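Encoded as structure tokens, the structure appears first; notes follow it.
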Amino acid sequence: MHLPPHHFATKTAVELAQELIGCELHSQLGGVHTAGIITETEAYHEDERGCHAYGGKRTKRTEIMFAEGGVAYIYLCYGMHHLFNVVCAQKGRAEAVLIRAIEPIIGTKLMLKRRNHKKVEKNLTAGPARLSQALGITTDLNKISLKPPQIWIEERKTDYIQIDKSPRIGIDYAENDALLPYRFTLRDSIWIT
DNA sequence: TCGACGATGACCT
DNA sequence: GGTCATCGTCGAA
């Protein structure tokens with residue numbers, strides 16, 4: 001069963017980032033279906049410096065983070081990478097979870113084609129820009145609601161997993177907030193960065 | 001308008 | 001380990 005958009009509105013980013021580990025991220029774009037198990041996430045919220053909406057800053061780009069949870073926040077990084085986030089929390093509160101890595105499970109052949117790879121290996125879908133490319137996610141889909149048939153999340157199917165915590169990647173500018181344990185990874189998975 | 005700078009990844013040594 | 005591609009966003013001018 002997929003998690004309905006309103007589910008995300010009830011969660012903080014730190015809660016959701018952990019809950020999403022082990023869930024499945026699905027995309028059905030151009031009539032083709034791809035999906036993977038979420039193995040790595042990061043939490044962001046407006047009270048810490050790593051967040052684009054730090055201090056409640058509303059700009060054209062960050063406005064979607066203040067929407068009610070259940071929509072996608074997809075933005076372009078380094079001029080070429082499309083990074084996918086799940087907006088959560090209630091309307092008016094900026095919180096989101098960055099999906100950083102997945103383990104491919106459905107449509108791996110198409111993922112290989114989209115990524116121009118020959119072989120299924122870690123760098124096919126481990127990395128926030130890599131998984132977006134593998135699933136066909138681009139900024140065109142920014143702000144869409146997270147429900148079938150475009151992009152949605154299926155609940156975790158295994159009953160027990162272990163989650164590790166560590167500091168987030170690539171946010172040195174966030175000063176002391178860069179040390180917060182807001183990165184979550186599926187223990188023993190090879191599909192993490 | 002303009003310039004600085006990224007929630008990165010590919011490729012090279 | 002290191003280099004660099006590439007462009008939207010944001011704040012300063």
Side-chain angles (χ1 to χ4, degrees), chain A residues 8 11-18 20-21 25 36 38-67 69 71-89 93-104 111-144 146 151 153 163-186 190-193:
Chain A
F8 304 106
K11 304 287 179 178
T12 67
V14 172
E15 290 168 347
L16 185 66
Q18 293 169 84
L20 290 183
I21 298 294
L25 176 60
I38 297 170
T39 55
E40 178 176 344
T41 60
E42 286 180 358
Y44 291 85
H45 62 73
E46 64 181 79
D47 297 327
E48 49 83 15
R49 292 180 144 79
C51 182
H52 292 153
Y54 171 61
K57 186 175 70 174
R58 288 176 185 257
T59 66
K60 192 168 183 184
R61 181 176 64 154
T62 66
E63 191 62 33
I64 191 61
M65 292 187 77
F66 293 88
V71 295
Y73 169 39
I74 304 162
Y75 72 96
L76 193 64
C77 185
Y78 294 103
M80 60 189 99
H81 303 302
H82 303 259
L83 270 54
F84 173 75
N85 299 254
V86 177
V87 174
C88 57
R93 170 79 189 169
E95 304 218 9
V97 175
L98 171 68
I99 310 299
R100 288 190 54 86
I102 61 172
E103 172 183 346
M111 293 187 198
L112 288 167
K113 187 178 173 187
R114 283 173 172 154
R115 297 266 303 126
N116 195 25
H117 277 222
K118 293 264 185 280
K119 198 177 156 196
V120 177
E121 53 194 348
K122 175 176 160 177
N123 67 1
L124 181 65
T125 55
R130 290 170 177 154
L131 79 87
S132 293
Q133 189 178 31
L135 295 181
I137 295 172
T138 68
T139 54
D140 294 348
L141 299 164
N142 191 25
K143 306 185 183 184
I144 65 166
L146 295 174
I151 303 176
I153 294 172
I163 297 172
D164 294 312
K165 304 180 187 186
S166 56
R168 293 170 293 179
I169 306 295
I171 54 161
D172 294 344
Y173 58 84
E175 303 170 32
N176 52 318
D177 289 333
L179 301 175
L180 290 168
Y182 279 5
R183 173 172 176 258
F184 303 96
T185 50
L186 179 61
I190 64 160
W191 299 93
I192 61 176
T193 58

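When reading the values below, keep in mind they use all heavy atoms of this one structure, side chains included, and skip hydrogens, waters and symmetry mates. In what follows, every chain begins at residue 1, and chains take the letters A, B, ... in the order their sequences are listed. Just so it is clear, the structure is predicted and the values come from calculations on it, not from any experiment.
In terms of phosphate contacts, A:Tyr78 brings no side-chain nitrogen or oxygen within less than 4.0 Å of OP1 or OP2 of C:dC4. Proximity of A:His52 to the phosphate of C:dT9: no side-chain N or O atom is located under 4.0 Å from OP1 or OP2. Regarding contacts with the backbone of C:dC10, a side-chain N or O of A:Arg61 is found under 4.0 angstrom from either OP1 or OP2. Residue A:Arg183 places no side-chain N or O under 4.0 Å from the OP1 or OP2 atom of B:dA7. Between A:Lys60 and the phosphate of C:dG8, there is no side-chain N or O to OP1/OP2 separation shorter than 4.0 Å.
A donor-acceptor pair shorter than 3.5 Å cannot be found between the side chains of A:Arg114 and A:Gln133.
Here the P atom of nucleotide B:dT8 and the CZ atom of A:Arg168 are 12 Å apart, to the nearest Å. Summarising the geometry, the separation between CE on A:Met80 and C1' on B:dC5 is reported as 13 Å, rounded to the nearest angstrom. Nucleotide B:dG9 holds its P atom 11 Å from the NE2 atom of A:His117, rounded to whole Å. A straight line from CZ of A:Arg49 to P of B:dA7 spans 15 Å, rounded to a whole angstrom. Here B:dA7 presents its P atom at 10 Å from NZ of A:Lys57, a figure rounded to the nearest Å. Atom pair A:Ile171:CD1 and B:dC5:P shows a separation of 18 Å (rounding to whole Å applied). Between the P atom of C:dG8 and the NE2 atom of A:His82 lies a distance of 10 Å, rounded to the nearest Å. Look at NZ on A:Lys122: it is 15 Å from C1' on B:dA10, rounded to the nearest Å.
Residue-level contact check: A:Leu98 touches the bases, meaning some heavy atom is under 4.0 Å from a base atom. Using a 4.0 Å heavy-atom distance criterion, A:Asn123 is classed as making no nucleic acid contact. Using a 4.0 Å heavy-atom cutoff across all strands shown, A:Arg115 reaches sugar-phosphate atoms only and no base atom. Across all strands shown, A:Gly170 has heavy atoms under 4.0 Å from sugar-phosphate atoms exclusively, and none from any base.
The neighbour count for A:Asn176 CG, taken as heavy atoms of other residues, nucleotides or ligands under 6.0 Å away, is above 12.
A:Tyr75 and A:His52 have perpendicular rings, their planes meeting at more than 60° on a 0 to 90° scale where under 30° would count as parallel.
In this structure, the nucleotide among B:dA7, C:dT9, B:dT8 sitting nearest to the side chain of A:Met65 is B:dA7. Nearest nucleotide to the side chain of A:Leu76, out of C:dG8, B:dA10, C:dT9: C:dG8. Considering only the side chain of A:Thr62, C:dC10 comes nearest among B:dA10, C:dC10, B:dT8.
Smallest separation of non-hydrogen atoms from A:Met65 and A:Ala96: CE-CB, 3.7 Å. Across A:Val87 and A:Ala72, no two heavy atoms sit closer than the pair CG2-C, 4.4 Å.
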| said: Run A:Glu42 and A:Arg168 through salt bridge (charged side-chain N to carboxylate O under 4.0 Å, His left out) and show every step you take. | reply: CA-CA 7 Å; A:Glu42 286 180 358; A:Arg168 293 170 293 179; 5.3 Å; no

| request: Please step through side-chain contact (heavy atoms from CB on, under 4.5 Å) for the pair A:Trp191 and A:Glu40, ending with a clear verdict. | output: CA-CA 8 Å; A:Trp191 299 93; A:Glu40 178 176 344; over 6 Å; no

| Between A:Val71 and A:Lys143, is a side-chain contact (heavy atoms from CB on, under 4.5 Å) present by the stated rule, with each step listed? | CA-CA 6 Å; A:Val71 295; A:Lys143 306 185 183 184; 5.6 Å; no

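Interface remark: the A:His81 side chain does not form any donor-acceptor pair with the B:dA7 base, using a distance-only criterion of under 3.5 Å.
Residue side chain A:Tyr44 meets the stacking definition with respect to B:dA7: its ring centre sits within less than 5.5 angstrom of the base's six-membered ring centre, and the planes differ by less than 30 degrees.
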| Reading DNA chain B 5' to 3', what string of ( ), [ ], | and . shows its pairs, if Watson-Crick and G-U wobble pairs count only when both distances fall under 3.5 Å? | ||||||.|||||.

